[in-house]
Peer 1: 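Here you go, one structure.
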Protein chains: 2
Amino acid sequence: MRSQDAGLAEALVDLSHHVLHLFADAGRGHGLSQQQVELLCAVIVRGAVGMTELGRLLHVEKPNLSNLTDRLERRGLVVRSRAAHDRRATEVTLTDEGTAVAMRTYRDVAARVRTLLERVPQAEQQQLATVARRIVHDEPA
Amino acid sequence: MRSQDAGLAEALVDLSHHVLHLFADAGRGHGLSQQQVELLCAVIVRGAVGMTELGRLLHVEKPNLSNLTDRLERRGLVVRSRAAHDRRATEVTLTDEGTAVAMRTYRDVAARVRTLLERVPQAEQQQLATVARRIVHDEPA
DNA sequence: TATTGTTATACTCTATAACTATA
DNA sequence: TATAGTTATAGAGTATAACAATA
């Protein structure tokens, strides 16, 4: 690894830790883990979400997502239901309590994101989003 | 959260997952977890490292770092020693086997970093490093 | 008294393989 | 045969509180 790569790599790794810890920190007050917060935020933004899409969004394998969903269902925050169009598929939705918890947590996450980004000027934020998407192949070069 | 913030936030979260999974993927072939790879890489780059600095680098709390170090020590990859200047402090160093494993893993990580960044032009990489450091407060605005 | 690190506990997350049900 | 999801299992990571030793 060239030394300039190493510098960028270290900065990226540090940034990644900060970004994901933001979910953990937001969840702590509500007794939620990082992954639980990520799942709740994904569902509140999208409405009903299938397990496959959740796994892709959260970067979690199927069996682990099943367990993650189990724990949230046991706590009464989400429910599973069979999808109408494909009876193999499961859709995850929020309960009333889950919605309330997810809203509070989502606002907490959003506030922390704003704090994290407040040192970065608008123009650079736009560039950052573009580069980030390019790196994860969501966007063409 | 404004919708433009949300777009950036999602891109950042996705990027963060990719970056940290890179360590997990590099470790899989060697039976090492993400955190184990991160620790080995930190030690190979720095030589002997104290527990406090390791905790800061890996974003891991003290008790968890103790456990992480225990598992690597049990596998014969690292050893602990008392620091000369402060007899409370512990320093972590690599064994011969640990050095060999860490070198291979480090090269694997480096290769994956290059792949991850190959779509990003040099100039943008430099900007990215600057913005990343600014976000985590390592660098003034 | 503050700091460095460990131990103890209870819970959550992870990877892998094997399984069921639907397509 | 392939896909969506679950179950089982063993190991690893996590947060918190309480502790020992050194500064």
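When reading the values below, keep in mind they use all heavy atoms of this one structure, side chains included, and skip hydrogens, waters and symmetry mates. Since the structure is predicted, the reported quantities are computational estimates derived from the model, not experimental observations. So you know, we letter chains A, B, ... as the sequences are listed, proteins then strands, and number each from 1.
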Peer 1: Between atom CZ in A:R88 and atom P in D:dT6, what is the gap in whole Å?
Peer 2: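 Rounding to the nearest Å, CZ of A:R88 and P of D:dT6 are 13 Å apart.
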
Peer 1: Does CD in A:E61 sit with more than 12 non-hydrogen atoms of other residues, nucleotides or ligands closer than 6.0 Å?
Peer 2: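 No, because the 6.0 Å sphere around CD of A:E61 holds 12 heavy atoms or fewer from other groups.
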
Peer 1: Looking only at side-chain atoms of B:P63, point me to the closest of C:dC13, C:dG5, C:dA8.
Peer 2: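 Closest nucleotide to the B:P63 side chain: C:dA8.
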
Peer 1: Tell me the interatomic distance from A:D70, atom CG, to C:dT14, atom C1', rounded to whole angstroms.
Peer 2: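 It is 15 Å, rounded to the nearest whole Å.
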
Peer 1: Between P on D:dA12 and CG on B:L77, what's the gap in Å once rounded to a whole number?
Peer 2: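 That distance rounds to 12 Å.
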
Peer 1: Would you check if B:V78 and B:L40 make a side-chain contact, meaning some heavy-atom pair closer than 4.5 Å?
Peer 2: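 With C-beta onward as the side chain, the pair touches.
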
Peer 1: Specify the separation, in whole Å, of atom CZ of A:R87 and atom C1' of D:dT6.
Peer 2: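 It works out to 17 Å between those atoms.
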
Peer 1: Would you indicate which nucleotide in C:dT6, C:dA15, D:dT7 comes nearest to any side-chain atom of B:T90?
Peer 2: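 Nearest nucleotide to the side chain: C:dT6.
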
Peer 1: Think B:R80 has a side-chain N or O under 4.0 angstrom from the OP1 or OP2 of C:dG5?
Peer 2: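 For B:R80, the contact criterion (side-chain N or O under 4.0 Å from OP1 or OP2 of C:dG5) is not met.
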
Peer 1: Between D:dT6, C:dT3, D:dA12, which nucleotide gets closest to the side-chain atoms of B:R71?
Peer 2: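 Per side-chain heavy atoms of B:R71, the pick is D:dA12.
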
Peer 1: From the list D:dA15, D:dA23, C:dC13, which nucleotide is the closest neighbour of the side chain of A:Q36?
Peer 2: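 From the listed options, C:dC13 comes nearest.
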
Peer 1: Could you give the CG-to-C1' distance, from B:N67 to C:dG5, as a whole number of Å?
Peer 2: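 Rounding to the nearest Å, CG of B:N67 and C1' of C:dG5 are 12 Å apart.
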
Peer 1: Looking only at side-chain atoms of A:S66, point me to the closest of C:dA15, D:dT6, C:dT22.
Peer 2: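 Of the candidates, D:dT6 comes closest.
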
Peer 1: Could you tell me the separation between the CG atom of B:L20 and the P atom of C:dC13, rounded to a whole number of Å?
Peer 2: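 So the CG-P distance, B:L20 to C:dC13, works out to 16 Å.
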
Peer 1: Could you tell me the separation between the CG atom of B:L54 and the P atom of C:dT4, rounded to a whole number of Å?
Peer 2: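 For the pair B:L54 CG and C:dT4 P, the rounded distance is 14 Å.
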
Peer 1: Nearest nucleotide by nearest heavy atom, which residue falls closer to the 5' end of DNA chain D, B:D86 or B:S33?
Peer 2: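 Its nearest nucleotide lies further toward 5', so the answer is B:S33.
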
Peer 1: Side chain of A:A89 only, please: which of D:dG5, C:dT14, C:dA23 is the nearest?
Peer 2: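 Closest nucleotide among those given: D:dG5.
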
Peer 1: Rounded to whole angstroms, how far apart are CD on A:Q34 and P on D:dG13?
Peer 2: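 Between P of D:dG13 and CD of A:Q34: 14 Å.
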
Peer 1: Within the structure provided, determine whether A:V113 and A:L116 are in side-chain contact (heavy-atom separation under 4.5 Å).
Peer 2: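 Of all side-chain heavy-atom pairs linking A:L116 with A:V113, none is under 4.5 Å.
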
Peer 1: Do the side chains of A:R104 and A:D108 get close enough for a salt bridge, i.e. N-O under 4.0 angstrom?
Peer 2: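 Salt bridge: no.
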
Peer 1: Here's a test of your reading of the structure: between A:R82 and B:Q35, which maps to the more 5' nucleotide of DNA chain D?
Peer 2: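 Looking at the nearest nucleotide for each, A:R82 comes out on the 5' side.
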
Peer 1: When hydrophobic residues are tied together by side-chain contacts of less than 4.5 Å, even through go-betweens, does B:V79 share a cluster with B:V43?
Peer 2: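 B:V79 and B:V43: separate clusters.
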
Peer 1: Judged by each residue's nearest nucleotide on DNA chain C, which is more toward the 5′ side, B:K62 or A:R75?
Peer 2: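 Nearer the 5' end of the strand: B:K62.
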
Peer 1: For D:dA15, take OP1 and OP2 only and decide whether either is under 4.0 Å from a side-chain N or O of B:N64.
Peer 2: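 Yes, within the criterion.
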
Peer 1: Of the options D:dG13, D:dA17, D:dA4, whose atoms approach the side-chain atoms of B:L68 most closely?
Peer 2: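 Side chain of B:L68 sits closest to D:dG13.
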
